Amino acid sequence: MPERVFALIDVNSCYVSCERVFDPSLDNIPVVVLSNNDGCVVARSSEAKLIGIKMGVPYFQIKHFEKTHGLKALSSNYGLYSEMSNRFMAIIAYFFCLAEQEIYSIDECFVLLTQYLENYNLTDLAFALKDRILKWVGLPVCVGIGSTKTISKLANNWAKKEPKFNGVCNWLAIDTLERDAWLSRTPVSEVWGVGRQHTKALAKMGIHTVADLAATDPMQMKKLFSIVMARTVMELQGISCLDIDKVPSAKQQIISSRTFGKRINELQLLQEVITVYTTRAHRKLRADGSVCGIITVFIHTNRFREQDPQYYKSHSISIANATDDVFILAQAARTAITHIYRKGFDFQKAGVILSSLSPKGAKTQSLFDADPIDDSKKQALMSALEDITARFGKESLGLGTSALSGQKWEMLRGNCSPDYFSGLEGFPPVY
DNA sequence: TCTGGGGTCCTAGGACCC
DNA sequence: TCTGGGGTCCTAGGACCC
């Protein structure tokens with residue numbers, strides 16, 4: 001029996017399915033939903049996929065399908081999609097009330113089903129959930145079940161492609177031979193975390209299928225790629241490296257950017273635009289109840305117009321006291337854009353990034369009240385640190401204990417069980 | 001005066017995801 | 001003519017500091 005079981009549940013052609021709930025005339029015909037400015041395709045119905053419309057293609061390249069194939073192209077309505085998403089997520093949370101749920105994106109979530117393994121047939125449960133979601137919000141979904149997140153993603157993928165699964169693929173319940181056969185004919189690019197560039201690099205090494213990748217040595221792959229790839233390989237081998245992220249961690253940055261309808265070359269216009277973007281980003285900042293310590297502004301020429309001179313530049317400004325004051329932020333944004341503006345270029349895109357975010361009203365964190373550690377652990381850590389400094393001097397930690405920061409602190413805190421420091425002979429064991 | 005190592009921050013870029 | 005937006009993580013070099 002596997003140590004953990006994950007399910008990945010996602011909405012098929014999410015935005016198109018949301019639109020279809022309210023407009024049945026869209027059923028059974030090719031439908032796409034377009035990005036802002038009706039620029040690119042961001043969602044496709046299965047019929048649209050069948051006539052060869054690829055994800056992300058510009059609208060003007062597929063417009064002709066409207067006449068030849070009865071294609072319907074819709075502008076996006078994110079308010080609607082996020083409302084539908086909330087209901088979809090709520091049904092799952094209620095259905096699997098013993099499980100931890102991670103909302104991964106607007107249309108998919110992971111659920112940790114380990115607790116259900118013993119007393120339930122997971123395949124039956126998944127079908128029941130699928131039916132309920134269709135009945136209650138009208139959205140068609142697929143479910144993939146596996147012993148790691150990466151495998152549950154793969155299973156979900158398989159469920160979509162193989163009609164006999166009828167939308168639910170429980171990896172654990174499938175015969176090993178059948179699984180292996182499928183792995184050996186599935187391209188490695190289908191794996192979560194393997195994109196275009198990695199696919200190319202892997203092909204050069206003779207790794208073409210998921211089975212090929214699963215057979216590699218994670219440590220070797222870490223050397224050749226990165227720790228991320230090593231984790232992917234291990235996950236394919238059934239070793240769960242990625243946890244469920246129950247509470248979404250606080251955002252690290254807030255972006256507001258747009259491509260302009262028309263190219264802009266005047267500084268004053270750019271300043272006005274950037275002020276609008278700053279207020280938009282600021283609204284999200286307030287909604288999160290955060291303050292911002294750094295604001296970055298960037299401008300772009302049109303990268304598709306190769307005949308034009310290209311220019312990209314960004315500039316960051318630190319806010320002396322992290323703030324959520326829109327006036328201060330807007331002022332800084334104007335300063336920043338004045339910095340990077342150059343005459344003689346036609347700009348097509350600009351944006352604002354708020355970063356160095358922290359919760360509003362939070363006190364500056366001292367070492368030991370940073371995070372909930374219980375008193376006994378705190379005590380153990382304190383005495384261990386005292387012991388270390390007494391025996392080896394402050395220098396042994398590289399820094400005074402009050403100056404422990406960043407990674408060092410994380411590592412200490414993550415390991416502050418009493419026995420961790422018991423073998424001080426081997427000091428420093430921290431690294 | 002000699003010198004090293006280890007931090008952080010910034011900038012930039014690359015890769016991935018939905 | 002028309003080509004999205006919002007995120008994450010990792011790497012690497014240079015400046016600067018202790």
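Since the model is a prediction, treat every value here as computed from it, not as a measurement. Here is the naming used below: chain letters follow the sequence lines, and residue numbers restart at 1 for every chain.
- Distances were taken from every side-chain heavy atom of A:Lys313 (C-beta onward) to each of B:dA12, C:dC9, B:dC18; the shortest belongs to B:dA12.
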(request) Could you check A:Phe110 against A:Trp192 for ring-ring contact (aromatic ring centres under 6.0 Å, His included), going step by step and ending with a plain yes or no? (result) CA-CA 14 Å; A:Phe110 289 100; A:Trp192 188 36; 5.5 Å; yes
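- Ring geometry for A:Tyr15 against A:Tyr78 counts as perpendicular: the plane angle is over 60°, on a 0 to 90° scale with 30° as the lower cut.
- Among the protein residues, A:Gln253 comes within range of the nucleic acid bases, having at least one heavy atom under 4.0 Å from a base atom.
- Side-chain N/O atoms of A:Lys349 include none lying less than 4.0 angstrom from OP1 or OP2 on C:dG4.
- The cationic group of A:Arg179 does not satisfy the cation-pi geometry with A:Trp182, failing either the under 6.0 Å distance to the six-membered ring centre or the 45° limit from the ring axis.
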Could I get a table of every N or O pair under 3.5 Å where one atom is in the protein and the other is in nucleotides 14-17 of chain C?
none

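- Of the listed nucleotides (C:dT3, C:dC9, C:dG5), C:dT3 has the atom at the smallest distance from the side chain of A:Cys40.
- No engagement by A:Lys200 is indicated, since no non-hydrogen atom pair under 4.0 Å with the nucleic acid exists.
- Across the protein-nucleic acid pair, A:Gln197 atom CD and C:dT11 atom C1' stand 16 Å apart, rounded to whole Å.
- Sequence order on DNA chain C of the closest nucleotides to A:Arg231 and A:Phe60 puts A:Phe60 first from the 5' end.
- Counting to the nearest Å, the C1' atom of C:dG7 and the CG atom of A:Leu354 are 14 Å from each other.
- The base-pairing partner of C:dT8, taking Watson-Crick or G-U wobble contacts with both distances under 3.5 Å, is B:dA15.
- Residues A:Phe225 and A:Leu202 are in side-chain contact: their nearest non-hydrogen atoms beyond the backbone lie under 4.5 Å apart.
- No engagement by A:Val41 is indicated, since no non-hydrogen atom pair under 4.0 Å with the nucleic acid exists.
- Within the 4.0 angstrom heavy-atom criterion, no nucleotide atom of any strand lies near A:Tyr59.
- Residues A:Ile340 and A:Val297 form a side-chain contact, since some pair of their non-hydrogen atoms from C-beta on lies under 4.5 Å apart.
- Here the P atom of nucleotide C:dC2 and the CD atom of A:Glu66 are 19 Å apart, to the nearest Å.
- Taking 4.0 angstrom as the limit, A:Ser257 places none of its side-chain polar atoms (N or O) nearer than this to OP1 or OP2 of C:dG4.
- Contact check, A:Ser316 against B:dT11: a side-chain N or O comes under 4.0 Å of OP1 or OP2.
- Between A:Asn37 atom CG and C:dT3 atom P there is a gap of 8 Å when expressed in whole angstrom units.
- Residue contacts shown for A:Val57 are absent, as no nucleic acid heavy atom lies under 4.0 Å away.
- Note on A:Ile254: only backbone sugar-phosphate atoms sit closer than 4.0 angstrom, heavy atoms only; bases stay farther off.
- Nucleotides B:dG4 and C:dC16 are separated by 16 Å at their C1' atoms, to the nearest Å.
- If A:Arg258 and A:Arg263 are placed on DNA chain C by their nearest nucleotide, the residue sitting closer to the 5' end is A:Arg263.
- Panel note: side chain A:Thr68, backbone A:His64; a donor-acceptor pair is recorded below 3.5 Å.
- Nucleic acid contact class of A:Asn302 (heavy atoms, under 4.0 Å, all strands): none.
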(message) Let's go through A:Asp38 and A:Lys63 carefully: what are the C-alpha distance in whole Å and the side-chain angles of both, what is the deciding distance for salt bridge (charged side-chain N to carboxylate O under 4.0 Å, His left out) to 0.1 Å, and is it a yes or a no?
(response) CA-CA 11 Å; A:Asp38 290 347; A:Lys63 205 169 184 319; over 6 Å; no
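- Across all strands shown, A:Ser76 has no heavy atoms under 4.0 Å from either base or sugar-phosphate atoms.
- Contact annotation for A:Ser318: backbone-only contact, meaning every heavy-atom pair under 4.0 Å involves sugar-phosphate atoms and none involves a base.
- Across all strands shown, A:Lys153 has heavy atoms under 4.0 Å from sugar-phosphate atoms exclusively, and none from any base.
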(message) Before you tell me yes or no, could you show the steps for A:Lys149 and A:Glu108 under salt bridge (charged side-chain N to carboxylate O under 4.0 Å, His left out), namely the whole-Å CA-CA distance, both residues' side-chain angles and the distance that decides it to 0.1 Å?
(response) CA-CA 12 Å; A:Lys149 278 180 156 183; A:Glu108 62 188 294; over 6 Å; no
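- In this structure, A:Glu190 does not pair ionically with A:Lys153, as no charged nitrogen and carboxylate oxygen lie closer than 4.0 Å.
- Counting to the nearest Å, the P atom of C:dC2 and the CG atom of A:Asn36 are 17 Å from each other.
- Across the protein-nucleic acid pair, A:Phe304 atom CZ and C:dT3 atom P stand 8 Å apart, rounded to whole Å.
- For the pair A:Tyr78 OH and B:dC18 P, the interatomic distance rounds to 15 Å; values are reported in whole Å.
- Looking at the side chain of A:Val42, the nearest of the listed nucleotides B:dC18, C:dC10, C:dG4 is C:dG4.
- The distance between atom CD1 of A:Ile294 and atom P of B:dC9, rounded to the nearest whole Å, is 8 Å.
- Among the protein residues, A:Ile227 comes within range of the sugar-phosphate backbone only, with heavy atoms under 4.0 Å from sugar or phosphate atoms but none that close to a base.
- The residue A:Arg280 sits apart from the nucleic acid: no heavy atom pair falls under 4.0 Å.
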